[in-house]
Amino acid sequence: EAFRKLEAQGLLVSEPRRGVRVAPLDRETLVEVTGMRAALETLGLRRAGPHFSGEDIAAARRALTAGEASREIAALERANQQFHRAIVTPCRMPRLLATIDDLHRSSARLLFATWRELDWRERSNEEHRAILARIEAGEIEAAAILLERHILEAGEALAGFLTER
């Protein structure tokens with residue numbers, strides 16, 4: 001069952017009479033995952049707009065602060081996922097949120113594999129701050145546009161790195 005779940009998330013590949021192996025890091029998968037994340041997270045953010053509470057904003061702010069303070073990739077990725085989750089959770093769409101969580105798990109291993117080479121951390125923090133500022137100002141559409149660009153450009157940078165390798 002665990003193997004089936006990991007395979008459904010794109011983390012494992014099962015081959016008849018050969019067993020199970022870790023899925024390769026490839027450009028096509030990355031482009032697919034980041035495109036899906038951009039579409040689904042912006043949908044979640046747009047739907048969350050009317051439902052944001054002070055606690056939702058505080059949760060996003062805590063995740064942003066944790067990301068800025070982190071010095072290890074595991075803590076950085078955890079804070080990144082918490083930030084992205086915090087800004088879509090108020091959408092009240094549990095299936096959408098579950099799908100986004102699966103996509104984050106799939107893309108996290110790509111970040112782990114490339115984070116030192118790309119030096120993306122400060123840019124990501126700046127973009128998170130800008131997205132949160134738009135949400136706090138009630139400018140949800142502007143926040144959604146920034147979020148989409150944030151996800152797609154990070155994906156493009158990772159895809160470029162994988163192509164070079």
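Atom CZ of Arg47 sits in a sparse spot, with 12 or fewer heavy atoms from other residues, nucleotides or ligands closer than 6.0 Å.
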Inset, instruction - Would you check, one step at a time, whether the test side-chain contact (heavy atoms from CB on, under 4.5 Å) holds for Leu147 with Arg134? - result: CA-CA 10 Å; Leu147 176 62; Arg134 298 285 61 81; over 6 Å; no
Inset, instruction - Check the pair Thr89 / Phe52 against side-chain contact (heavy atoms from CB on, under 4.5 Å), numbers first and verdict last. - result: CA-CA 9 Å; Thr89 293; Phe52 273 107; over 6 Å; no
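Between Leu103 atom CG and His84 atom NE2 the span is 12.5 Å, to the nearest 0.5 Å.
Side-chain contact between Arg61 and Leu132 is present, with heavy atoms from C-beta onward closer than 4.5 Å. In this structure, the side chains of Cys91 and Leu96 come closer than 4.5 Å at one or more pairs of heavy atoms. The shortest side-chain heavy-atom distance between Glu72 and Leu76 does not fall under the 4.5 Å cut-off. Under the 4.5 Å side-chain criterion, counting only non-hydrogen atoms from C-beta, Thr34 is not in contact with Glu156. Taking the side chain as every heavy atom from C-beta outward, Gln82 and Arg62 never approach each other to under 4.5 Å. Inter-residue side-chain proximity for Leu64 and Arg129 is flagged as met; some heavy-atom pair is nearer than 4.5 Å.
In this structure, Pro90 and Ala86 approach most closely via the heavy-atom pair CD-O, 3.5 Å. Looking at every heavy atom in both residues, Ala159 comes nearest to Val31 through CB-CG2, 4.4 Å. Here the closest heavy-atom approach between residue Ser70 and residue Gly67 is recorded as OG-O, 2.9 Å.
Not counting sequence neighbours, Asn125 has no partner by the side chain to side chain donor-acceptor pair (under 3.5 Å) test.
Both Met36 and Met93 are assigned to one and the same hydrophobic cluster, defined by single-linkage of ILVMFWY side chains at heavy-atom distances under 4.5 Å. Under a hydrophobic clustering in which Ile, Leu, Val, Met, Phe, Trp and Tyr are joined whenever their side-chain heavy atoms come within less than 4.5 Å, directly or via other members, Leu40 and Leu45 fall into the same cluster. Taking hydrophobic clusters as Ile, Leu, Val, Met, Phe, Trp and Tyr residues chained together by side-chain heavy-atom distances below 4.5 Å, Ile100 shares a cluster with Leu43. Leu152 and Ile145 fall into different hydrophobic clusters, where Ile, Leu, Val, Met, Phe, Trp and Tyr side chains are chained together by heavy-atom contacts under 4.5 Å.
In the model, Asp102 has no side-chain atom that pairs as donor or acceptor with a side-chain atom of Thr99 under 3.5 Å. Between the side chains of Asn80 and His128, at least one donor N or O lies within less than 3.5 Å of an accepting N or O.
A side-chain hydrogen bond (donor to acceptor under 3.5 Å, both in side chains) with Glu41 holds for exactly one of Arg46, His104, Arg85, His150; it is His104.
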